[in-house]
Amino acid sequence: MTTFNFSLLTGDTGPLVKGTEPDRLHIPIHAHTPILAAGDQVLAGTKIATANQPGEGDLHAPMSGVIKAITPDYMRIAVNGDERADATKPPADLGELKQWLREQGVNVGNLNQASRLIINAVPPEPGITIYDPLLRDYRKTIELGVETIQRIASTSKMNLVAAKGNRANAFANCTVMHVAPTYPNGLDQLVIKAVTKEEVLLGAHHKDAVLLSVRDLYFIGRVMETGRPVTETVMTIGTQNHLVRIGTPVGFLAGEAGATVQPGDRLILGGLMRGMAALNLEQGVNKDTTGLQLVRDDESIKATDSPCLGCGECERHCPARIMPGMLSRCSEFKFFERAEKFHIHSCIECGICSYWCTSQRPILHYIRLAKYELALLRTATSNLPTDTQEETGQQTGESE
Amino acid sequence: MITKPLQPILTVSVPPHAHCGRTIKGYMSETLIALLPAAIMAIVAFGMGAMRVVALSCAVAVLTEAICNKLTKREQTLDDFSGLHTGLLFAFLLPASAPWWLVTMGAASSIIIGKMIFGGLGANPLSSPLIGWATCRISWGDAMDTNTTMLMSELPAPLQQLKYFGLDSVETIDSISLLLGKQLGGLGEVQIAALLAGGVFLLIRRHIRWEIPVAFIVGVAVTAWIYQLIDPTAYASPLFHLLTGGTIFGALFLATDPASTPVGPIPTILFGLMAGIMVIVIRVYGIYPDGVPFAILLANLFTPLLDRIRPKPFGGAYQLTQEPEDEALCEKC
Ligand code: SF4
Ligand code: SF4
């Protein structure tokens with residue numbers, strides 16, 4: 001892993017490549033409730049599941065085919081063509097527009113009323129270059145997205161935040177801001193901070209600003225343009241950026257890219273710092289997937305349960321100015337409440353602590369565990385979605 | 001289920017999937033490398049006696065750690081070299097004349113009450129080798145005294161001479177010979193030049209940071225200078241204090257122990273200053289000629305307090321409330 005560095009420079013990227021059509025799709029649905037059953041026919045664009053979380057977008061079939069199976073985790077569709085469902089027209093009414101976007105699969109969770117729109121064009125992680133081709137070749141679509149958001153959130157000011165050294169041409173009435181091209185400057189919290197000087201905790205919204213990435217705006221623009229739902233994601237695979245249908249198995253993508261996956265390797269959905277390792281080659285990509293990376297068995301970090309040395313390497317690099325080592329100890333020994341005293345909620349989950357840990361402790365994972373336990377502890381009576389709700393969702397899915 | 005074994009079986013792990021490449025073993029072995037020149041110099045200066053003490057101390061430390069791990073049914077951790085590291089640091093504090101039982105007792109207590117009793121590596125609130133040193137110094141003070149046990153040697157014992165015979169007795173000792181380790185004291189701690197070289201290596205390799213050593217040295221120098229200003233005929237110069245006893249060894253290797261020292265820039269600087277000042281205070285008023293070990297132990301005690309000096313966390317302090325703030329979410333349902 002010696003070649004890895006934190007640079008967010010994208011350099012020259014080629015045009016967006018349209019992915020080859022797979023013959024099966026495994027659409028992740030653990031945050032959604034399926035509304036169809038196995039055996040049903042779907043067209044490209046048919047709604048297949050509704051979101052459990054308010055504000056989250058619904059799911060639609062990316063291609064036409066037959067639903068073969070529904071499990072709590074994914075829906076398998078055997079593809080048999082590209083026949084499309086009818087497009088719908090965006091409603092003129094603003095209130096309905098937001099709801100309509102949501103039904104078209106757009107995440108509208110943070111489209112609150114605000115005076116400022118922040119466009120995040122800083123690559124989220126090293127090696128992810130998806131914003132570059134979008135900004136270059138799809139300006140019209142993005143502009144349409146920007147207009148839509150300006151109407152919904154009634155923003156009057158606009159900032160485009162880009163990494164210094166990467167291409168970023170402003171839109172009309174838009175101030176461009178540059179941040180240093182190093183990870184983690186592309187994380188939403190730090191981009192908000194760069195613009196507004198205010199620090200917003202992970203999971204909270206800024207009172208007076210809406211942050212959307214170039215990619216979000218591109219998809220919103222596309223939905224407005226075509227009247228068809230979001231069924232794709234933009235991912236960096238190797239050095240190229242691809243438009244990939246959600247549910248495309250990672251093994252298929254790896255094969256297309258010419259990589260042979262050996263036993264013990266990791267296929268990472270997203271970037272190396274925050275991405276999720278695929279369970280197997282058949283796992284499908286979802287709407288937020290930004291990249292696919294192959295990490296060979298011998299070059300990957302193996303998390304240990306070694307003790308924390310107290311060396312403070314993690315603390316020196318933590319952008320949230322907290323003590324990751326201490327938090328990981330609290331979590332390790334199940335002192336979750338204590339973790340709160342060490343400001344666990346300030347963590348923006350960048351993973352930098354684990355990158356630097358001398359002990360190679362899975363610090364970020366410990367922190368997430370503690371956050372999860374705290375949420376369970378504090379909101380046991382609330383209606384936050386927990387495992388039980390997911391189970392209900394799954395039951396309805398199966399009974400239908 | 002997605003979990004049925006499909007070939008090839010992939011590794012599933014938590015992010016991040018990249019790492020800087022540092023390991024405990026790497027840290028320990030590079031620290032050992034940094035100590036090597038001083039160890040060689042010690043053997044050159046004190047002969048086989050030094051070799052015997054070093055070897056015995058390391059062996060006892062490693063063995064004790066293995067036995068502790070066995071008794072407490074923990075995984076064996078010998079391959080991270082941390083036992084060896086503690087053993088070597090402890091040996092550096094001993095006179096080359098130390099009898100075998102003293103070395104054994106000290107090395108064992110460094111490991112047992114300095115480290116394992118608190119939960120092993122990384123959990124020690126005080127510097128482990130210094131615990132062993134303190135145990136020996138308090139229990140068998142005579143055997144630990146370099147001056148009385150090395151009467152045959154022609155080398156000066158600057159700190160003892162300063163304490164018992166006054167400033168005049170050390171005027172003749174020149175700084176260069178002190179720098180080259182021509183003095184009595186802990187066998188490794190007096191190899192000033194070699195230790196400095198090792199410290200620079202650790203700084204370059206970023207295993208230690210500049211804050212603690214620099215603050216420590218500044219603390220020693222400034223305090224010594226103040227005393228000298230008060231009475232130049234009674235108190236030795238800052239340079240003398242820096243080049244004698246364990247000042248450099250303490251600043252570079254003992255006060256930079258990861259577990260027992262604070263982290264942030266302000267806490268580390270305060271920590272270093274505090275330890276440095278205490279060195280001179282103990283050397284001037286204490287009953288022990290060299291104040292370095294006790295000064296560092298004392299500063300270690302302040303680590304939890306110093307660690308409370310923290311910058312404001314990102315987004316301010318926040319507690320998850322019992323009443324979930326769900327209204328914003330529910331509006332949208
Ligand atoms: S993931 Fe680690 S480094 Fe990043 S904010 Fe959280 S504690 Fe700090
Ligand atoms: S980097 Fe790892 S070993 Fe060092 S303090 Fe942080 S968690 Fe502990």
Side-chain angles (χ1 to χ4, degrees), chain A residues 1-2 4 54-55 71 73-74 199-201 261-268 272-283 295 297 300-301 303 306-312 315-316 320-322 340 343 345-346 348 351 354-356 358-360 362 364-365 374-375 378-379 382-384, chain B residues 1-24 26-27 75 77 80 119-124 206-207 209 257-264 268 307 310-324 326 328-333:
Chain A
M1 204 77 347
T2 40
F4 184 81
T71 76
D73 292 315
Y74 71 102
E199 295 180 335
V200 179
L201 295 179
V261 184
Q262 313 280 352
D265 289 352
R266 302 178 202 193
L267 266 178
I268 312 297
L272 289 185
M273 293 304 284
R274 298 193 306 154
M276 179 175 71
L279 295 177
N280 57 40
L281 291 183
E282 285 306 308
Q283 181 166 345
V295 180
D297 192 23
S300 54
I301 162 193
S306 306
C308 167
L309 299 180
C311 64
E315 201 175 321
R316 288 188 189 98
R321 306 183 299 270
I322 51 179
E340 227 171 19
H343 309 297
H345 300 296
S346 294
I348 57 174
S354 320
Y355 176 85
W356 288 106
T358 316
S359 259
Q360 304 187 328
L364 175 55
H365 195 58
L374 277 168
R378 296 292 159 75
T379 53
S382 85
N383 55 358
L384 277 184
Chain B
M1 294 296 283
I2 226 164
T3 41
K4 76 180 162 223
L6 289 168
Q7 296 301 330
I9 294 176
L10 302 180
T11 305
V12 178
S13 61
V14 294
H17 307 282
H19 189 263
C20 63
R22 287 165 170 267
T23 56
I24 303 183
Y27 162 71
E75 215 177 305
T77 48
D80 65 17
L121 185 61
N124 49 309
R206 295 181 146 254
H207 289 302
R209 306 278 161 154
D257 170 51
S260 56
T261 53
V263 174
T268 38
D307 257 339
R310 305 261 338 137
K312 193 168 134 299
F314 190 89
Y318 176 80
Q319 295 252 315
L320 205 61
T321 40
Q322 201 81 43
E323 298 295 320
D326 268 6
L329 285 178
C330 286
E331 266 171 60
K332 284 183 229 114
C333 305

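Below, chains carry the letters A, B, ... as their sequence lines are ordered, and counting in each starts from 1. Only this structure's heavy atoms are used, side chains among them; waters, hydrogens and symmetry mates stay out.
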Rounded distance (nearest 0.5 Å) linking atom CZ of R22(B) with atom CD of Q360(A): 11.5 Å

Contact winner vs chain A - G21(B), G316(B), S13(B), heavy-atom pairs under 4.5 Å: S13(B)

Smallest separation among heavy atoms of H343(A) and A317(B), with atom names: CE1-CB, 3.6 Å

T11(B) to A277(A) - nearest heavy-atom pair and separation: O-CB, 4.1 Å

V200(A) to F314(B) - nearest heavy-atom pair and separation: O-CE2, 3.3 Å

Option in S354(A), P307(A), S306(A) with maximal non-hydrogen atom pairs under 4.5 Å from chain B: S354(A)

Interface residue of largest heavy-atom contact number with chain A, from C20(B), P262(B), G315(B), G120(B), under 4.5 Å: C20(B)

T358(A), part contacting chain B, at a heavy-atom distance under 4.5 Å: both

Separation of S346(A) OG from K312(B) NZ (nearest 0.5 Å): 8.5 Å

Under 4.5 Å from any heavy atom of chain B - which part of E340(A): both

Residue selection (most heavy-atom pairs with chain B, distance under 4.5 Å) from I268(A), L267(A), D297(A): I268(A)

Residues which pass ring-ring contact (aromatic ring centres under 6.0 Å, His included) with H207(B), listed by chain and number, not counting sequence neighbours: Y27(B)

Side chain / backbone / both / neither for L281(A) at chain B, heavy atoms under 4.5 Å: both

Top contributor to chain B interface from G275(A), C308(A), G312(A), P362(A) [non-hydrogen pairs under 4.5 Å]: G275(A)

Heavy-atom pairs under 4.5 Å with chain A, option from P313(B), G26(B), G122(B) with the top count: P313(B)

Y355(A) and H19(B) aromatic ring geometry - parallel, tilted or perpendicular at 30°/60° bounds: tilted

Heavy-atom pair of closest approach, residues L279(A) and L10(B): O-CB, 4.1 Å

For the student: nearest non-hydrogen atoms of P16(B) and I301(A), plus distance: O-CG2, 3.9 Å

P263(A) vs I9(B) side-chain heavy atoms within contact, under 4.5 Å: no

Non-neighbouring partners of E199(A) that pass salt bridge (charged side-chain N to carboxylate O under 4.0 Å, His left out), sequence neighbours left out: K193(A), R321(A)

Chain B contact via R266(A) - side chain, backbone, both or neither, heavy atoms under 4.5 Å: both

Under 4.5 Å from any heavy atom of chain B - which part of I322(A): both

Which atoms of R209(B) approach chain A - backbone, side chain, both or neither, heavy atom under 4.5 Å: side chain

